[in-house]
Undergrad: 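Would you mind keeping the following structure in view while I ask a few things?
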Amino acid sequence: MDLFKRYPHNPIISAKDLPYEVNSVFNPGATIHQGNVLLLVRVEDKRGISHITLARSKDGFGNWEMNDEPFITPSRDEYTEYGVEDPRVTYLFEEDLYAITYTAYSRLGPMVCLSLTKDFKTKEDLGIVLPPENKDACLFPERIGGRWAMLHRPVPSGNHPPHIWISFSPDLRHWGDHKVVIKCRKGGWWDSQRIGAGPPPIKTPKGWLLLYHGVKGTVSGPIYRVGLALLDLKEPYKVLYRSQEWVFGPQEPYEMAGDVGKVVFPCGWVLLDDQIILYYGAADTSICAATGSLSQILKFIESKVGFQKGST
């Protein structure tokens with residue numbers, strides 16, 4: 001079963017669609033704002049430095065209105081000098097705020113930053129919330145046990161592979177109670193080299209639905225694919241199910257060839273009734289969309305032999 005079906009007119013946004021000259025657009029966060037689908041797009045300029053800009057569409061597939069100025073830009077400081085990358089956006093309904101996690105990159109390494117906004121016109125920058133090396137962070141949409149929760153991917157030293165962790169905060173600024181959630185698998189698995197959280201988790205009656213990317217190293221370079229996990233609603237560091245097989249991987253020409261080939265990299269999705277629209281970066285060059293059914297995904301998880309309990 002193809003849980004996610006590619007939009008037939010992919011890519012939906014390319015470098016030529018921006019009102020100013022850039023090298024590439026990819027890895028967008030996504031949310032619903034004022035009845036439109038809003039994407040927070042990673043834009044790489046021709047210096048190789050990334051910033052984040054906004055794109056809006058009524059149907060989520062075409063007629064994108066692109067901002068002519070960046071929304072989040074690198075500063076002239078030692079923390080963002082190489083760019084800001086790969087945003088995820090979560091609507092915190094208890095606060096009526098949108099929380100944007102993104103990676104700041106510099107000679108100090110990648111680190112997790114957090115900004116808050118109500119209207120995507122002004123924002124409050126909370127700055128660095130997790131120090132280097134760390135990335136692929138996304139927030140849960142509600143407090144769990146009275147605290148905010150965030151998935152992220154720290155990078156250990158040496159030859160140890162990076163895993164997905166969870167941390168908790170009383171105020172979105174101070175994070176602790178760190179626990180590992182999903183580990184890289186050993187050997188020749190599709191997610192053996194590195195893994196990282198994709199879009200923010202979706203709350204379902206069965207648990208928190210998580211989409212994550214996994215990387216396998218090959219003699220011709222890494223391959224980025226996508227798998228599923230289901231986390232416990234009250235204790236999200238407990239993995240109920242994790243896919244053994246990937247459910248979405250690069251196969252189309254626009255995914256196989258680009259600045260970084262053989263890559264599908266989702267950072268955003270939106271849920272419209274039962275339909276999921278998944279937004280992903282293709283080969284670090286363009287933005288594409290795929291659709292799926294939430295109910296079908298949950299049925300797949302319940303019935304598929306290829307799912308196993310636990311994080312390893």
Side-chain angles (χ1 to χ4, degrees), residues 2-7 9-18 22-30 39-46 48-52 55 82-88 101-103 105 110 133 135-138 151 153 155 161-164 182 184-185 188-199 210-229 243 245-269 277-292:
D2 290 331
L3 294 179
F4 294 99
K5 296 178 173 60
R6 289 168 175 78
Y7 180 59
H9 303 296
N10 277 338
I12 59 171
I13 301 177
S14 300
K16 61 180 176 56
D17 297 313
L18 267 73
V22 302
N23 174 57
S24 57
V25 294
F26 51 111
N27 300 1
L39 298 185
L40 286 85
V41 177
R42 175 179 172 181
V43 179
E44 185 182 283
D45 63 27
K46 290 193 173 182
I49 307 300
S50 291
H51 61 266
I52 297 167
Y82 295 165
V84 290
E85 307 175 352
D86 301 350
R88 280 82 164 172
T101 51
Y102 60 94
T103 300
Y105 189 48
E133 285 193 10
K135 61 193 312 185
D136 296 329
C138 60
L151 297 171
R153 205 280 307 281
V155 180
H163 311 300
I164 297 174
I182 301 177
C184 279
R185 283 183 270 228
W189 287 80
W190 66 273
D191 52 0
S192 59
Q193 189 177 76
R194 72 179 73 94
I195 56 176
L210 175 66
L211 198 71
Y212 75 95
H213 67 265
V215 183
K216 178 178 180 176
T218 74
V219 294
S220 62
I223 306 174
Y224 281 71
R225 302 184 178 105
V226 177
L228 293 168
S243 55
E245 300 176 352
W246 69 82
V247 298
F248 194 73
Q251 65 182 40
E252 298 298 323
Y254 51 80
E255 299 161 349
M256 297 297 292
D259 279 3
V260 184
K262 300 179 184 177
V263 172
V264 293
F265 196 93
C267 290
W269 56 11
I277 307 178
L278 175 66
Y279 297 97
Y280 64 97
D284 279 14
T285 301
S286 63
I287 292 173
C288 298
T291 58

Undergrad: Return the orientation label for the Y105 and Y82 ring planes: parallel under 30°, perpendicular over 60°, tilted otherwise.
TA: perpendicular
Undergrad: Around atom CH2 of W190, are there more than 12 heavy atoms from other residues, nucleotides or ligands closer than 6.0 Å?
TA: yes
Undergrad: Going through the checks in order, is the side-chain contact (heavy atoms from CB on, under 4.5 Å) test met by Y212 and L151?
TA: CA-CA 11 Å; Y212 75 95; L151 297 171; over 6 Å; no
Undergrad: So, applying side-chain contact (heavy atoms from CB on, under 4.5 Å) with Y280, which one of N27, N10, V263, V226 is it?
TA: N10
Undergrad: Go through the steps to decide whether E255 and Y224 satisfy the test side-chain contact (heavy atoms from CB on, under 4.5 Å), and finish with yes or no.
TA: CA-CA 10 Å; E255 299 161 349; Y224 281 71; over 6 Å; no
Undergrad: Look up atom CG in D259 and atom CG in N23, then write down how far apart they are to the nearest 0.5 Å.
TA: 5.0 Å
Undergrad: If you compare all heavy atoms of R225 against all heavy atoms of G249, which two are closest, and at what distance to 0.1 Å?
TA: CG-CA, 4.1 Å
Undergrad: Under 3.5 Å, side chain of T101 to main-chain N/O of A137, donor-acceptor pair present?
TA: yes
Undergrad: Without swapping roles, check the side chain of R153 against the backbone of I195 for a donor-acceptor pair under 3.5 Å.
TA: yes
Undergrad: Does L211 reach the side chain of F4, with side-chain heavy atoms less than 4.5 Å apart?
TA: yes
Undergrad: With rounding to the nearest 0.5 Å, note down the distance linking SG in C288 to CD1 in I13.
TA: 10.0 Å
Undergrad: Can you find a side-chain donor-acceptor pair between S220 and K262 that sits under 3.5 Å?
TA: yes
Undergrad: What are the two closest non-hydrogen atoms of G281 and P28, and how far apart are they?
TA: N-CD, 4.1 Å
Undergrad: Please report the interatomic distance OG(S286) to CZ(F26), rounded to the nearest 0.5 Å.
TA: 10.5 Å
Undergrad: If you compare all heavy atoms of C138 against all heavy atoms of P199, which two are closest, and at what distance to 0.1 Å?
TA: SG-O, 3.9 Å
Undergrad: Nearest 0.5 Å please: distance from the CD atom of Q251 over to the CZ atom of R6.
TA: 4.0 Å
Undergrad: Walk me through whether R88 and D136 qualify under side-chain contact (heavy atoms from CB on, under 4.5 Å).
TA: CA-CA 8 Å; R88 280 82 164 172; D136 296 329; 3.3 Å; yes
Undergrad: Got a second to check how far L40's CG is from Y102's OH, nearest 0.5 Å?
TA: 11.0 Å
Undergrad: Step by step, work out the side-chain contact (heavy atoms from CB on, under 4.5 Å) result for D17 and V25.
TA: CA-CA 9 Å; D17 297 313; V25 294; over 6 Å; no
Undergrad: Look up atom NE2 in H213 and atom CD1 in I164, then write down how far apart they are to the nearest 0.5 Å.
TA: 7.5 Å
Undergrad: Between S243 and L228, is there a donor-acceptor pair closer than 3.5 Å when you use the side chain of the first and the backbone of the second?
TA: yes
Undergrad: In the structure I gave you, are the side-chain heavy atoms of V264 and P250 within less than 4.5 Å of one another anywhere?
TA: yes
Undergrad: Check P161 against S192 and note the closest heavy-atom contact, atom names and distance.
TA: CB-O, 4.4 Å
